[in-house]
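The basis for the numbers below is simple: all heavy atoms, side chains too, and nothing from hydrogens, waters or symmetry mates.
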Amino acid sequence: MDFKNNWALSFLVILFFFLGFQNTTFAQLAAFKVNSSTKGCAPLTVLVEDISGADPELIFYRFGNAPPQKETTFTFDKPGIYSITQLINTAGSGGDSLPMLNIIEVFAPKVVDFDVIRCANKKVRVQINDDYYDSYKIDFGDNQDAIVGDNEFAEHTYSSENNATITVRGLFEDGAENCTPSSKIITPVGALLPPTINLVEYFEDGSAKIDYVLETDLTHQLELMTDNGFEKVSDILTGSTSFTIQDALPNSVYRISVTDSCSNRIESSQTFYISDINLSGEESYVDISWTIPNGIEESEFVKNTLLKDDNIFDEYTDISSNTIFDEEVVCKITYCYQVETEFSSGLKIISPKRCILAASNVTPPAVVGAYASFISKERIALSWHYPLDGSEIVSAKVTRKDKDGNIDNYIISPLDSVFEDKLINIDDAPYCYSITYKNACDLTSESSPSICPTILRMEGDTDEEEGTLTFEWTPFEGLSTSNYVLEQTDSLEKEPFNTQSVSRSGTYSLDIESQESQTSYVRIRANLNDTTFTYSNTIRIDFRSFVTFPNAFTPNGDNLNDTYGVESKFIKEFKMIIFNRWGEGVFQTNDINGRWDGRYRNTLAPSGEYTMKIVATDQRGREYIFTEMVKLIR
């Protein structure tokens, strides 16, 4: 050591001490410590503590580049590395200072990127997708937590399926836990169960809709069966109930699977497929086929239902029955088919509705319910029904044949199922008819059975006052019946006054003398069923009316020809007056049955000639006037 120099230094210290002792207090050496975390996210608040022993009024702190302050706390709002300096302001001496360089580290806050993967049996996996922080604290929301490193994960099992909030915060080593937390609310999942498929429907536009129940609240995926096994097609949203495949593959096999990411265990639905139906048109039938592809559990098959125009055509419980020939088709009619397949699991698979224009060379069936009836003496009406097979009728023809074999054809509108023959000559009867029609394939139907209305004929002289009229008729041909009734009426608009059940053919007699109506109508009615009747031609009977009277009578009390009167038939109005030779009326009556007893003014009229005048009108309005001489003989 240089003694000389040391001596000089000692002298200066003694001198400084002496001068200072006389003018101020002794200077204090700066000393402090940090009582808070020196690392953390902005804003980071730090706290310092003085350990110098100096008067607090003389102590100041500078936090980073901020102005000096007396407060011992300071918040750093921006990221960076900062120093802290303690300043002691000792009057007259300049004081002392102590800097702690680069002691504070402030980082920009960053939300942690993490995923929560829910697993079966109430387990979760929290995956950190971040490397910003030194470590990460995971709070599972049930008083349990875990700390993991960059891009690591932690698993946790909950005790219930109640909602839980998972919060993740980034940490710096020995730093404050003040970095921005992020949270996610989750619902723990119960057991891992396979989804249930209820309905698969394929549409004409190529899309297919799947209706299902997701039994586990996890993400599912739609998978397609390939030669290499099942491959993912699309994710299925949690909580969804249906999914639409836009470009579905006909006859391809699918399933929906759910995976437990914690255990990598997979549960899958029953396999299902996209059903389609194929149609081809042949003469007289439609060929229908469909496929149930491999990979489908055949033991669960219940039945296939084939629909035709939205109505059930047939059902098939044999899974191999998948080719059908529909012969119940009509040419140029469009038919639409669809197949529904049912499984014991409750799954129903529906194909699109496919349509085809049918072709046919099969002769259409004959019309049904055809019958003919006279509606007047010279008119016959026909009626029938076309078969209800969907045929489009383009024309219809009525063929008439008379008794001599002459044939007439009448083309009528296909919209009509009635025809009136107005060209009847009863002398050419019987007439027989048949009906055919053409469909859209220009095929002529079978001919209807021959339809021959009943023909009624009469023999007898209606001018006779006595005798018998005999009626004969032919049976109705067409619809079968044995219920025939002869009707007699005095007006076609009135109910019959005489009905008699008769056989299919035969004779029936009317006694002329017993008839009370001068004009009556007779016809045969055939009862085809409870509501349908057919009638024969109607015969009008006009009887001759008459008035007869004697030219003499003998009122002598021998009960032989004692009164004078007339005999008549079908007279509805009558007046008779008898005059004596002087023109006096000795008897008068308006009663057709009235008779003169030969008395005049209560005395016997003398024998001799009298004049009789009669004015009478029959039921048809014919008037009779008679003026004759009558002898009274006593």
Side-chain angles (χ1 to χ4, degrees), residues 193-259 261 266-281 286-298 300-310 313 316 319-324 334-357:
L193 301 174
T196 301
I197 312 300
N198 296 324
L199 177 67
V200 180
E201 187 169 5
Y202 187 31
F203 301 102
E204 291 87 340
D205 64 0
S207 65
K209 182 173 179 287
I210 310 165
D211 291 343
Y212 46 75
V213 176
L214 303 182
E215 307 288 355
T216 299
D217 193 17
L218 294 176
T219 300
H220 295 63
Q221 63 183 27
L222 177 68
E223 298 174 335
L224 172 67
M225 188 173 73
T226 68
D227 293 339
N228 298 321
F230 281 92
E231 297 181 359
K232 178 180 176 181
V233 174
S234 178
D235 287 324
I236 299 294
L237 293 178
T238 300
S240 64
T241 58
S242 66
F243 182 84
T244 298
I245 307 174
Q246 294 300 331
D247 296 310
L249 302 174
N251 302 318
S252 53
V253 178
Y254 293 84
R255 74 181 185 185
I256 295 179
S257 297
V258 58
T259 302
S261 298
I266 298 175
E267 292 288 344
S268 299
S269 70
Q270 69 269 45
T271 55
F272 56 90
Y273 62 98
I274 306 301
S275 174
D276 203 356
I277 190 168
N278 301 308
L279 307 177
S280 61
V286 173
D287 184 1
I288 309 151
S289 64
W290 62 88
T291 300
I292 296 182
N294 295 329
I296 299 301
E297 184 56 58
E298 294 187 4
E300 294 188 356
F301 172 80
V302 175
K303 66 178 179 179
N304 284 314
T305 300
L306 180 62
L307 302 178
K308 177 182 180 181
D309 294 335
D310 296 323
F313 180 77
Y316 312 95
I319 194 171
S320 64
S321 297
N322 58 358
T323 300
I324 309 299
T334 297
Y335 298 94
C336 296
Y337 299 87
Q338 194 172 26
V339 66
E340 296 181 355
T341 306
E342 297 179 39
F343 296 87
S344 59
S345 64
L347 170 63
K348 177 181 284 190
I349 298 177
I350 303 176
S351 77
K353 185 183 294 183
R354 304 293 188 190
C355 302
I356 189 171
L357 185 67

Could you give all pairs that pass the salt bridge (charged side-chain N to carboxylate O under 4.0 Å, His left out) test and reach residues 238-253, with sequence neighbours left out? none

Does the ring of Phe230 carry Arg255 above it, NZ/CZ under 6.0 angstrom from centre and within 45° of its axis? yes

Would a 4.5 Å heavy-atom cut-off, applied to side chains only, mark Leu222 and Ile210 as touching? yes

Considering all heavy atoms of both residues, which atom of Cys355 and which atom of Thr334 are nearest to each other, and what is their separation? CB-CG2, 3.9 Å

Nearest 0.5 Å please: distance from the CZ atom of Phe203 over to the NZ atom of Lys353. 11.5 Å

Under the salt bridge (Lys or Arg N to Asp or Glu O under 4.0 Å) test, which residues partner Asp235, sequence neighbours left out? Lys232

Spatial distance of atom OG (Ser242) from atom NZ (Lys209) [nearest 0.5 Å]: 4.5 Å

Under the side-chain contact (heavy atoms from CB on, under 4.5 Å) test, which residues partner Thr259, sequence neighbours left out? Ile266

Main-chain N/O of Tyr254 paired with Thr271 side-chain donor or acceptor, under 3.5 Å: no

Can you find a pair of side-chain heavy atoms, one from Lys308 and one from Tyr335, that are under 4.5 Å apart? yes

Residues Pro194 and Glu215: closest non-hydrogen pair is O-CG, 3.2 Å

From Thr323 OG1 over to Tyr316 OH, what is the distance, rounded to the nearest 0.5 angstrom? 10.0 Å

Pair Ser257-Ser268, side-chain donor/acceptor within less than 3.5 Å: yes

Among Ile319, Ile349, Val339, whose side-chain contact (heavy atoms from CB on, under 4.5 Å) with Ile292 holds? Ile319

Using every non-hydrogen atom in the two residues, find where Ser269 and Pro195 come nearest and quote the distance to one decimal. CB-O, 3.3 Å

Filter on side chain to side chain donor-acceptor pair (under 3.5 Å), then keep only pairs touching residues 198-207, sequence neighbours left out; what's left? Asp205-Ser207

Within the side chain of Ser289, is there an N or O that forms a donor-acceptor pair under 3.5 Å with the backbone of Asn322? no

For the residue pair Ser234 and Phe243, what are the closest heavy atoms and their distance? OG-CZ, 3.5 Å

If you compare all heavy atoms of Ser275 against all heavy atoms of Pro352, which two are closest, and at what distance to 0.1 Å? O-CD, 3.2 Å

Give, for atom CG of Leu279 and atom CG of Asp287, the distance between the pair rounded to the nearest 0.5 Å. 8.5 Å

Against Ile324, only a single residue in Val286, Leu306, Asn304 fulfils side-chain contact (heavy atoms from CB on, under 4.5 Å); can you say which? Leu306

Of all heavy-atom pairs linking Leu193 and Glu267, the shortest is C-CB, 4.2 Å

Is there a side-chain contact (heavy atoms from CB on, under 4.5 Å) between Asn278 and Trp290? Walk through the geometry before answering. CA-CA 6 Å; Asn278 301 308; Trp290 62 88; over 6 Å; no

Does any part of the side chain of Ser344, heavy atoms only, come nearer than 4.5 Å to the side chain of Phe301, both counted from C-beta? no

Salt bridge (Lys or Arg N to Asp or Glu O under 4.0 Å) partners for Asp217, two or more places apart: Arg118

From OG (Ser280) to CD1 (Ile356), nearest 0.5 Å: 6.0 Å

Partners passing side-chain contact (heavy atoms from CB on, under 4.5 Å) against Glu342 (at least two apart in sequence or in another chain): Val302, Lys303, Thr305, Lys348

Can you tell me which residue among Thr238, Ile236, Thr219, Val258 is in a side-chain contact (heavy atoms from CB on, under 4.5 Å) with Leu214? Ile236

Do Glu223 and Gln221 have side-chain N/O donor and acceptor atoms under 3.5 Å apart? yes

Can a donor-acceptor pair be found between the side chains of Thr291 and Tyr273 at a distance below 3.5 Å? no

Quick one: does Ile274's side chain get under 4.5 Å of Val200's, heavy atoms only? yes

Heavy-atom side-chain contact between Phe313 and Ile288 under 4.5 Å: no

Any side-chain to backbone donor/acceptor pair from Thr196 onto Val213? Under 3.5 Å, distance only. no

Pair Ser351-Tyr337, side chain to side chain donor-acceptor pair (under 3.5 Å): steps then yes or no: CA-CA 9 Å; Ser351 77; Tyr337 299 87; over 6 Å; no

Leu249 vs Leu224 side-chain heavy atoms within contact, under 4.5 Å: yes

